Peer 1: 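Below is one structure. I have some questions about it.
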Amino acid sequence: LAARVRAVKDAGEEALQLRVEKQGAKIYALKAGTMPGPDALAVARVGSTYIEAPAREVADLWWHFGSRSSWDALNTADCQVVSEAGPYKLVYLLGKPKPLISARDFAYAACRLPPAQLGLPAHSFVFAQVDAHGDVPPMGGAVRGRVNSVLVVVPEGTGARVEYFIEMTAGGWLPRAAVELAANDVPMAIAMMKKHIEPEASAEALGDVDKAAQLRYHAHLALESSEAHSRPSVATDVTASRSELEAALVTMRAALARATDADLVKRIKADIAKVEARIRGSK
(Lines give C-alpha, C1' and ligand atoms only; values in the text may rest on other atoms or scores of the structure.)
Protein backbone atom coordinates (compact mmCIF):
# COMPACT_ATOMS: atom_id res chain seq x y z
CA LEU A 1 0.00 0.00 0.00
CA ALA A 2 2.73 2.48 0.94
CA ALA A 3 4.58 1.63 -2.29
CA ARG A 4 1.47 2.39 -4.34
CA VAL A 5 0.98 5.71 -2.58
CA ARG A 6 4.65 6.60 -3.07
CA ALA A 7 4.32 5.79 -6.79
CA VAL A 8 1.29 8.07 -7.13
CA LYS A 9 3.03 10.89 -5.22
CA ASP A 10 6.13 10.54 -7.41
CA ALA A 11 4.01 10.63 -10.58
CA GLY A 12 2.35 13.87 -9.43
CA GLU A 13 -0.47 15.53 -11.35
CA GLU A 14 0.34 13.55 -14.48
CA ALA A 15 -1.30 10.55 -12.80
CA LEU A 16 -4.41 12.40 -11.62
CA GLN A 17 -7.70 13.58 -13.09
CA LEU A 18 -9.72 16.19 -11.15
CA ARG A 19 -13.21 14.94 -10.33
CA VAL A 20 -14.53 17.28 -7.62
CA GLU A 21 -13.50 20.62 -6.15
CA LYS A 22 -15.64 21.90 -3.27
CA GLN A 23 -15.51 22.89 0.39
CA GLY A 24 -11.82 23.64 0.07
CA ALA A 25 -10.87 20.14 -1.10
CA LYS A 26 -9.89 18.67 -4.45
CA ILE A 27 -10.74 15.06 -5.26
CA TYR A 28 -8.89 13.24 -8.02
CA ALA A 29 -9.30 9.91 -9.79
CA LEU A 30 -6.26 8.04 -10.99
CA LYS A 31 -5.74 7.87 -14.71
CA ALA A 32 -5.86 4.39 -16.24
CA GLY A 33 -2.75 2.35 -15.56
CA THR A 34 -1.33 4.61 -12.86
CA MET A 35 -2.16 2.44 -9.81
CA PRO A 36 0.65 -0.15 -9.65
CA GLY A 37 0.32 -3.64 -8.22
CA PRO A 38 -2.08 -6.53 -8.86
CA ASP A 39 -3.54 -6.32 -5.33
CA ALA A 40 -4.91 -2.77 -5.68
CA LEU A 41 -8.65 -2.50 -5.03
CA ALA A 42 -11.20 -1.58 -7.69
CA VAL A 43 -11.66 2.19 -7.33
CA ALA A 44 -9.08 4.74 -6.20
CA ARG A 45 -9.24 8.41 -5.26
CA VAL A 46 -6.84 11.05 -3.96
CA GLY A 47 -8.05 13.98 -1.88
CA SER A 48 -6.10 17.12 -1.03
CA THR A 49 -6.84 20.14 1.16
CA TYR A 50 -5.17 22.73 3.37
CA ILE A 51 -6.34 23.01 6.98
CA GLU A 52 -5.58 26.16 8.93
CA ALA A 53 -4.62 24.39 12.14
CA PRO A 54 -1.48 22.76 13.59
CA ALA A 55 -0.62 19.46 11.92
CA ARG A 56 -0.62 17.70 15.30
CA GLU A 57 -4.25 18.65 15.94
CA VAL A 58 -5.29 17.33 12.53
CA ALA A 59 -3.38 14.11 13.15
CA ASP A 60 -4.91 13.68 16.62
CA LEU A 61 -8.43 14.06 15.25
CA TRP A 62 -7.83 11.37 12.63
CA TRP A 63 -6.17 8.90 15.00
CA HIS A 64 -9.12 8.97 17.44
CA PHE A 65 -11.34 6.90 15.17
CA GLY A 66 -14.15 6.63 17.70
CA SER A 67 -15.02 10.31 17.22
CA ARG A 68 -15.26 10.14 13.42
CA SER A 69 -19.06 10.05 13.21
CA SER A 70 -19.15 13.38 15.08
CA TRP A 71 -17.23 15.21 12.34
CA ASP A 72 -17.68 13.15 9.15
CA ALA A 73 -21.43 13.49 8.71
CA LEU A 74 -21.10 12.91 4.97
CA ASN A 75 -19.78 9.34 5.11
CA THR A 76 -19.81 7.89 8.61
CA ALA A 77 -22.78 6.52 10.55
CA ASP A 78 -20.61 4.79 13.17
CA CYS A 79 -16.92 4.21 13.77
CA GLN A 80 -15.34 2.35 16.66
CA VAL A 81 -12.05 0.81 17.69
CA VAL A 82 -12.69 -2.92 18.12
CA SER A 83 -9.31 -3.76 19.63
CA GLU A 84 -5.74 -2.53 20.00
CA ALA A 85 -2.50 -4.49 19.87
CA GLY A 86 0.73 -2.52 20.22
CA PRO A 87 0.78 0.21 17.55
CA TYR A 88 -2.22 -1.21 15.68
CA LYS A 89 -5.93 -0.44 15.99
CA LEU A 90 -8.60 -2.68 14.51
CA VAL A 91 -11.38 -0.34 13.39
CA TYR A 92 -14.98 -0.94 12.32
CA LEU A 93 -16.71 1.72 10.20
CA LEU A 94 -20.35 1.77 9.13
CA GLY A 95 -20.84 4.03 6.15
CA LYS A 96 -23.89 6.00 5.10
CA PRO A 97 -26.08 5.05 2.13
CA LYS A 98 -25.34 6.78 -1.18
CA PRO A 99 -27.57 7.25 -4.24
CA LEU A 100 -28.42 3.75 -5.54
CA ILE A 101 -26.09 2.22 -2.93
CA SER A 102 -27.16 0.83 0.44
CA ALA A 103 -24.94 1.26 3.49
CA ARG A 104 -21.57 -0.50 3.40
CA ASP A 105 -19.40 -1.37 6.36
CA PHE A 106 -15.64 -1.82 6.53
CA ALA A 107 -12.99 -3.20 8.86
CA TYR A 108 -9.37 -2.14 8.73
CA ALA A 109 -6.15 -2.21 10.73
CA ALA A 110 -4.71 1.24 11.35
CA CYS A 111 -1.17 2.24 12.27
CA ARG A 112 1.29 5.08 11.92
CA LEU A 113 4.05 4.93 9.30
CA PRO A 114 7.46 6.61 9.36
CA PRO A 115 7.22 9.75 7.19
CA ALA A 116 10.48 8.78 5.47
CA GLN A 117 8.68 5.79 3.95
CA LEU A 118 6.86 8.27 1.68
CA GLY A 119 9.80 10.63 1.34
CA LEU A 120 8.25 13.20 3.70
CA PRO A 121 9.81 15.48 6.34
CA ALA A 122 10.30 13.92 9.77
CA HIS A 123 7.72 16.22 11.42
CA SER A 124 4.93 14.91 9.15
CA PHE A 125 2.24 12.40 10.18
CA VAL A 126 1.37 9.34 8.11
CA PHE A 127 -1.45 6.90 8.90
CA ALA A 128 -2.12 3.66 7.03
CA GLN A 129 -5.46 1.86 7.12
CA VAL A 130 -5.24 -1.67 5.67
CA ASP A 131 -8.25 -3.80 4.81
CA ALA A 132 -9.18 -6.35 7.48
CA HIS A 133 -12.65 -7.28 6.24
CA GLY A 134 -12.44 -10.81 7.62
CA ASP A 135 -11.44 -9.77 11.15
CA VAL A 136 -14.72 -8.16 12.25
CA PRO A 137 -18.11 -9.90 11.83
CA PRO A 138 -20.66 -8.05 9.65
CA MET A 139 -23.01 -5.89 11.69
CA GLY A 140 -26.52 -4.57 11.13
CA GLY A 141 -27.07 -6.21 7.76
CA ALA A 142 -24.73 -3.86 5.88
CA VAL A 143 -22.84 -5.14 2.84
CA ARG A 144 -19.16 -5.60 3.68
CA GLY A 145 -16.77 -3.63 1.49
CA ARG A 146 -13.00 -3.46 1.42
CA VAL A 147 -10.81 -0.40 1.82
CA ASN A 148 -7.14 0.60 1.98
CA SER A 149 -6.06 4.15 2.62
CA VAL A 150 -3.22 6.42 3.68
CA LEU A 151 -3.67 9.83 5.29
CA VAL A 152 -0.74 12.25 5.12
CA VAL A 153 -0.51 15.43 7.25
CA VAL A 154 2.42 17.74 6.48
CA PRO A 155 3.00 21.05 8.30
CA GLU A 156 2.79 23.92 5.82
CA GLY A 157 2.88 27.59 6.75
CA THR A 158 0.63 28.13 9.76
CA GLY A 159 -1.42 25.01 9.05
CA ALA A 160 -1.22 21.60 7.43
CA ARG A 161 -1.42 20.11 3.94
CA VAL A 162 -3.58 16.99 4.12
CA GLU A 163 -3.66 14.27 1.45
CA TYR A 164 -5.88 11.21 1.53
CA PHE A 165 -5.11 8.25 -0.73
CA ILE A 166 -7.89 5.67 -0.77
CA GLU A 167 -8.79 2.56 -2.76
CA MET A 168 -11.95 0.56 -2.21
CA THR A 169 -14.28 -2.17 -3.37
CA ALA A 170 -17.90 -1.53 -2.48
CA GLY A 171 -18.95 -5.19 -2.28
CA GLY A 172 -21.94 -6.73 -4.04
CA TRP A 173 -22.98 -5.85 -7.59
CA LEU A 174 -23.50 -2.16 -8.31
CA PRO A 175 -23.71 0.01 -11.44
CA ARG A 176 -20.25 1.32 -12.21
CA ALA A 177 -21.53 4.91 -12.49
CA ALA A 178 -23.01 4.76 -8.97
CA VAL A 179 -19.73 3.42 -7.55
CA GLU A 180 -17.73 6.17 -9.26
CA LEU A 181 -19.99 8.91 -7.89
CA ALA A 182 -19.96 7.46 -4.38
CA ALA A 183 -16.18 7.14 -4.53
CA ASN A 184 -15.91 10.92 -4.92
CA ASP A 185 -17.63 11.37 -1.54
CA VAL A 186 -15.34 9.14 0.53
CA PRO A 187 -12.17 11.29 0.43
CA MET A 188 -14.32 14.33 1.19
CA ALA A 189 -13.72 13.23 4.78
CA ILE A 190 -10.78 15.64 4.71
CA ALA A 191 -13.15 18.50 3.87
CA MET A 192 -15.25 17.44 6.85
CA MET A 193 -12.10 17.58 9.00
CA LYS A 194 -11.38 21.07 7.70
CA LYS A 195 -14.91 22.21 8.52
CA HIS A 196 -14.65 20.71 12.01
CA ILE A 197 -11.22 22.06 12.98
CA GLU A 198 -10.98 25.49 11.38
CA PRO A 199 -13.57 27.38 13.51
CA GLU A 200 -11.27 26.89 16.50
CA ALA A 201 -8.21 28.02 14.54
CA SER A 202 -10.13 31.05 13.22
CA ALA A 203 -11.12 32.06 16.73
CA GLU A 204 -7.48 31.92 17.80
CA ALA A 205 -6.37 33.95 14.78
CA LEU A 206 -8.94 36.64 15.64
CA GLY A 207 -7.73 36.77 19.22
CA ASP A 208 -10.93 35.28 20.67
CA VAL A 209 -9.10 33.24 23.28
CA ASP A 210 -12.22 32.26 25.21
CA LYS A 211 -14.03 31.02 22.08
CA ALA A 212 -11.01 29.04 20.94
CA ALA A 213 -10.63 27.46 24.37
CA GLN A 214 -14.32 26.52 24.45
CA LEU A 215 -14.18 24.90 21.03
CA ARG A 216 -11.02 22.99 21.87
CA TYR A 217 -12.29 21.80 25.23
CA HIS A 218 -15.62 20.56 23.87
CA ALA A 219 -13.76 18.75 21.09
CA HIS A 220 -11.54 17.07 23.66
CA LEU A 221 -14.58 16.03 25.71
CA ALA A 222 -15.97 14.34 22.60
CA LEU A 223 -12.70 12.50 22.13
CA GLU A 224 -12.70 11.43 25.78
CA SER A 225 -16.16 9.98 25.36
CA SER A 226 -15.02 7.87 22.41
CA GLU A 227 -11.43 6.87 23.26
CA ALA A 228 -10.47 8.23 26.67
CA HIS A 229 -7.80 5.58 27.15
CA SER A 230 -5.77 6.54 24.08
CA ARG A 231 -5.62 10.35 24.11
CA PRO A 232 -3.69 12.93 26.17
CA SER A 233 -5.52 15.01 28.76
CA VAL A 234 -6.96 18.32 27.64
CA ALA A 235 -4.87 19.87 30.41
CA THR A 236 -1.75 19.12 28.37
CA ASP A 237 -3.32 19.81 24.96
CA VAL A 238 -4.64 23.36 25.56
CA THR A 239 -2.15 26.01 24.44
CA ALA A 240 0.18 26.71 27.31
CA SER A 241 -0.15 30.50 27.56
CA ARG A 242 -1.58 31.71 30.86
CA SER A 243 -4.50 33.60 29.28
CA GLU A 244 -5.62 30.54 27.32
CA LEU A 245 -5.33 28.30 30.36
CA GLU A 246 -7.46 30.72 32.39
CA ALA A 247 -10.08 30.86 29.62
CA ALA A 248 -10.11 27.07 29.43
CA LEU A 249 -10.55 26.91 33.21
CA VAL A 250 -13.69 29.08 32.99
CA THR A 251 -15.09 26.76 30.31
CA MET A 252 -14.24 23.65 32.35
CA ARG A 253 -15.97 25.01 35.46
CA ALA A 254 -19.07 25.84 33.41
CA ALA A 255 -19.03 22.32 31.96
CA LEU A 256 -18.66 20.90 35.48
CA ALA A 257 -21.69 22.85 36.67
CA ARG A 258 -23.81 21.30 33.88
CA ALA A 259 -22.41 17.75 34.06
CA THR A 260 -24.53 14.99 35.60
CA ASP A 261 -22.65 11.85 34.58
CA ALA A 262 -20.35 10.73 37.41
CA ASP A 263 -17.50 9.68 35.11
CA LEU A 264 -17.65 12.95 33.20
CA VAL A 265 -17.65 14.94 36.46
CA LYS A 266 -14.57 13.02 37.58
CA ARG A 267 -12.74 13.68 34.29
CA ILE A 268 -13.57 17.39 34.31
CA LYS A 269 -12.41 17.76 37.93
CA ALA A 270 -9.15 16.03 37.06
CA ASP A 271 -8.62 18.37 34.12
CA ILE A 272 -9.42 21.41 36.29
CA ALA A 273 -6.83 20.32 38.84
CA LYS A 274 -4.18 19.91 36.12
CA VAL A 275 -4.91 23.29 34.54
CA GLU A 276 -4.91 25.01 37.94
CA ALA A 277 -1.51 23.46 38.62
CA ARG A 278 -0.20 24.69 35.27
CA ILE A 279 -1.50 28.20 35.99
CA ARG A 280 0.25 28.19 39.37
CA GLY A 281 3.41 26.99 37.68
CA SER A 282 3.29 29.80 35.12
CA LYS A 283 3.51 32.56 37.75
Side-chain angles (χ1 to χ4, degrees), residues 1-10 25 27-28 35 40-41 44-51 53-72 74-76 78-95 106-133 135-136 145-156 159-168 186-197 219-220 222-223 226-227 229-232 237:
L1 176 60
R4 292 200 291 277
V5 171
R6 180 69 183 265
V8 171
K9 284 184 67 64
D10 290 346
I27 308 301
Y28 301 88
M35 178 60 82
L41 299 180
R45 292 290 187 271
V46 178
S48 178
T49 192
Y50 179 81
I51 298 179
R56 178 186 56 79
E57 290 190 18
V58 178
D60 285 348
L61 182 64
W62 180 262
W63 186 239
H64 291 88
F65 296 101
S67 71
R68 180 163 175 168
S69 62
S70 70
W71 56 262
D72 185 13
L74 179 64
N75 296 300
T76 306
D78 185 30
C79 191
Q80 53 188 279
V81 176
V82 177
S83 63
E84 294 188 51
Y88 300 96
K89 295 183 179 183
L90 180 62
V91 181
Y92 170 80
L93 186 148
L94 175 63
F106 304 89
Y108 51 85
C111 67
R112 301 171 190 256
L113 294 180
Q117 196 165 344
L118 296 183
L120 297 171
H123 52 288
S124 304
F125 301 86
V126 182
F127 303 94
Q129 292 73 223
V130 180
D131 178 63
H133 66 279
D135 293 344
V136 179
R146 299 179 63 183
V147 64
N148 294 319
S149 67
V150 171
L151 185 89
V152 173
V153 183
V154 181
E156 181 179 305
R161 173 64 53 186
V162 180
E163 294 180 312
Y164 190 24
F165 302 82
I166 184 165
E167 57 182 33
M168 70 204 88
V186 177
M188 283 294 291
I190 60 175
M192 300 297 99
M193 293 178 74
K194 178 181 176 74
K195 181 179 178 180
H196 179 81
I197 293 176
H220 286 312
L223 287 180
S226 61
E227 291 183 69
H229 63 284
S230 62
R231 60 168 300 276
D237 269 357

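Any value given below was found using the heavy atoms of this structure, including those in side chains, with hydrogens, waters and symmetry copies removed. Since the model is a prediction, treat every value here as computed from it, not as a measurement. In this chain, residues are counted from 1 in sequence order.
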Peer 1: Nearest 0.5 Å please: distance from the CZ atom of R68 over to the CE atom of M193.
Peer 2: 8.5 Å
Peer 1: Roughly how far apart are K195 NZ and L74 CG, rounded to 0.5 Å?
Peer 2: 9.5 Å
Peer 1: Would the distance check show the side chain of Y28 and the main-chain N or O of S48 forming a donor-acceptor pair, the cut-off being under 3.5 Å?
Peer 2: no
Peer 1: Taking the six-membered ring of W63, is the NZ or CZ of K89 close enough (under 6.0 Å from the centre) and on axis enough (within 45°)?
Peer 2: yes
Peer 1: How far apart are the closest heavy atoms of P115 and A122, and which atoms are they?
Peer 2: CG-O, 3.8 Å
Peer 1: Does C79 form a side-chain contact (heavy atoms from CB on, under 4.5 Å) with V91? I'd like the steps, not just the answer.
Peer 2: CA-CA 7 Å; C79 191; V91 181; 3.7 Å; yes
Peer 1: Side chains of V126 and R112, heavy atoms from C-beta outward: is any pair under 4.5 Å?
Peer 2: no
Peer 1: Do L61 and I197 make a side-chain contact, defined as non-hydrogen atoms from C-beta onward lying under 4.5 Å apart?
Peer 2: yes
Peer 1: Quick check: do I166 and V147 have side-chain heavy atoms less than 4.5 Å from each other?
Peer 2: yes
Peer 1: Any side-chain heavy-atom pair from V152 and V150 closer than 4.5 angstrom?
Peer 2: yes
Peer 1: I want to check something: taking the side chain as every heavy atom from C-beta on, are V46 and I27 in contact at a cut-off of under 4.5 Å?
Peer 2: no
Peer 1: Using the side-chain contact (heavy atoms from CB on, under 4.5 Å) rule, take V136 and L90 through it: C-alpha gap first, then chi angles, then the decisive distance, then the call.
Peer 2: CA-CA 9 Å; V136 179; L90 180 62; 3.8 Å; yes
Peer 1: Looking at every heavy atom in both S67 and S70, which two are closest together, and how far apart are they?
Peer 2: O-OG, 2.5 Å
Peer 1: Quick check: are there more than 12 heavy atoms from other residues, nucleotides or ligands sitting under 6.0 Å from OH of Y88?
Peer 2: no
Peer 1: Between Y50 and G159, which heavy-atom pair has the shortest distance, and what is it?
Peer 2: OH-N, 2.8 Å
Peer 1: Which pair of non-hydrogen atoms, one from N75 and one from A189, has the smallest distance, and what is that distance?
Peer 2: ND2-N, 3.9 Å
Peer 1: If you look at every heavy atom in V153 and A160, which pair is closest and at what distance?
Peer 2: CG1-CB, 3.8 Å
Peer 1: Does some side-chain heavy atom of S124 sit less than 4.5 Å from a side-chain heavy atom of P155?
Peer 2: yes
Peer 1: Within the structure provided, determine whether L118 and L113 are in side-chain contact (heavy-atom separation under 4.5 Å).
Peer 2: no
Peer 1: Mind checking the CD1-CD spacing from I51 to E156? Nearest 0.5 Å is all I need.
Peer 2: 11.5 Å
Peer 1: Once rounded to the nearest 0.5 Å, what's the spacing between atom CG of D72 and atom CG of L93?
Peer 2: 8.0 Å
Peer 1: Got a sec, which residues hit side chain to side chain contact (heavy atoms under 4.5 Å, CB included) with K9, two or more places apart in sequence or on another chain?
Peer 2: V5, L120, E163, F165
Peer 1: Rounded to the nearest 0.5 Å, what separation is found between the CZ atom of R45 and the CE atom of M188?
Peer 2: 13.0 Å
Peer 1: Would you say Q129 and W62 are linked by a side-chain donor-acceptor pair, where the criterion is simply a distance under 3.5 Å?
Peer 2: yes
Peer 1: Under the side-chain contact (heavy atoms from CB on, under 4.5 Å) criterion, do Y108 and F65 qualify, and how do the steps go?
Peer 2: CA-CA 11 Å; Y108 51 85; F65 296 101; 3.9 Å; yes
Peer 1: Apply side-chain contact (heavy atoms from CB on, under 4.5 Å) to V186 and M168, showing your working.
Peer 2: CA-CA 10 Å; V186 177; M168 70 204 88; 3.9 Å; yes
Peer 1: Measure the shortest side-chain to side-chain distance between V162 and L151 over non-hydrogen atoms and say whether it is less than 4.5 angstrom.
Peer 2: yes
